[in-house]
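What follows is a single structure, written as structure tokens, with notes after it.
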Amino acid sequence: MKTLVLILILISFSFSSSQYTFLVNKYDKEIDLEAKIIAKIANSSLRENIKLFIPNITSVEKKVYSKYFILTNTCAESNFVFVKNNMGNITNCSAENKLFFTNNYRKLLSDKKFFGAFFWNKSRPNIVFIKTRLKKRHIKLPKNYDQFVEDFDER
């Protein structure tokens, strides 16, 4: 009888633990979608191999992003920097020969270092590029990105 109860408990634990794996998979899929979009943007913006730097990258993000990019450990080694919400200013990172992209719309508007942003709003992905910054950095995007280019007056 004890063995039967023990077997039932073990079976119960194995089923209940598998119910929570969907949370991890969903998170991976969201990061994977983000990585694919950033990869398309980076490849369209730069005509060379992308060396991506993401400050404070998590191990899950590192695993997903490494499928699409060569990841660097420092900003100095990179040519494309993707700054996430949780980061403050990257003052120790020179903007020379690098493109800066963010996932924070406010950061895009307030910091001229960034030429564009990819962010979620009401569960929908949004992409925004600022026209004057694209011209300043000599970034020529394909025509299918024209719908995401906004003309802000930056004085």
May I have the list of side-chain donor-acceptor pairs in residues 43-53 shorter than 3.5 Å, sequence neighbours left out?
| unit_1 | atom_1 | unit_2 | atom_2 | d |
| --- | --- | --- | --- | --- |
| Asn43 | ND2 | Ala39 | O | 2.9 |
| Ser44 | OG | Lys40 | O | 2.8 |
| Ser45 | OG | Ile41 | O | 2.7 |
| Arg47 | NH1 | Ser44 | O | 2.8 |
| Arg47 | NH2 | Lys140 | O | 3.0 |
| Glu48 | OE2 | Asn79 | ND2 | 3.0 |

* Asked: Please walk me through it: do Val128 and Phe119 pass side chain to side chain contact (heavy atoms under 4.5 Å, CB included)?
  -> CA-CA 9 Å; Val128 176; Phe119 55 95; 3.9 Å; yes

* Asked: What class does the angle between the rings of Phe82 and Phe101 fall in, given that below 30° is parallel, 30 to 60° is tilted and above 60° is perpendicular?
  -> tilted

* To do: Identify whether Leu99 and Ile70 are in the same connected component of the hydrophobic contact network (ILVMFWY, side-chain heavy atoms under 4.5 Å).
  => no

* To do: Tell me whether Tyr65 is reachable from Trp120 by hopping between hydrophobic residues (I, L, V, M, F, W, Y) whose side-chain heavy atoms are closer than 4.5 Å.
  => yes

Looking at [atom1] of [X] and [atom2] of [Y], how far apart are the two atoms once the value is rounded to the nearest 0.5 Å?
| X | Y | atom1 | atom2 | answer |
| --- | --- | --- | --- | --- |
| Ser110 | Asn104 | OG | CG | 7.5 Å |
| Lys98 | Phe80 | NZ | CZ | 13.0 Å |
| Phe118 | Phe129 | CZ | CZ | 11.0 Å |
| Thr132 | Lys112 | OG1 | NZ | 7.5 Å |
| Glu150 | Leu109 | CD | CG | 8.5 Å |
| Phe100 | Leu108 | CZ | CG | 13.5 Å |

* Hey, mind stepping through Ile54 and Lys84 against side chain to side chain contact (heavy atoms under 4.5 Å, CB included) and telling me if it holds? -> CA-CA 7 Å; Ile54 300 175; Lys84 302 280 214 152; 4.0 Å; yes

* Apply the test side chain to side chain contact (heavy atoms under 4.5 Å, CB included) to residues Phe69 and Ile38: give CA-CA distance (whole Å), side-chain angles for both, the deciding distance (0.1 Å), then the verdict. => CA-CA 10 Å; Phe69 296 100; Ile38 297 301; 3.9 Å; yes

* Do other residues, nucleotides or ligands put more than 12 heavy atoms under 6.0 Å from Arg137 CZ? -> yes

* Do the non-hydrogen side-chain atoms of Leu141 and Phe148 ever get within less than 4.5 Å of each other? -> no

Shortest non-hydrogen contact between [X] and [Y], atoms and distance:
| X | Y | answer |
| --- | --- | --- |
| Tyr68 | Val64 | CD1-O, 3.5 Å |
| Val83 | Thr102 | O-OG1, 3.0 Å |
| Glu61 | Ile31 | CG-CD1, 3.9 Å |

* Listed once per pair and sorted, the salt bridge (charged side-chain N to carboxylate O under 4.0 Å, His left out) pairs that draw on residues 121-132, sequence neighbours left out -> none

* Quick one: salt bridge (charged side-chain N to carboxylate O under 4.0 Å, His left out) pairs with a partner in residues 65-82, sequence neighbours left out? -> Asp32-Lys67

* **Short side-chain to backbone donor-acceptor contact, Arg133 and Gly116, under 3.5 Å** => no

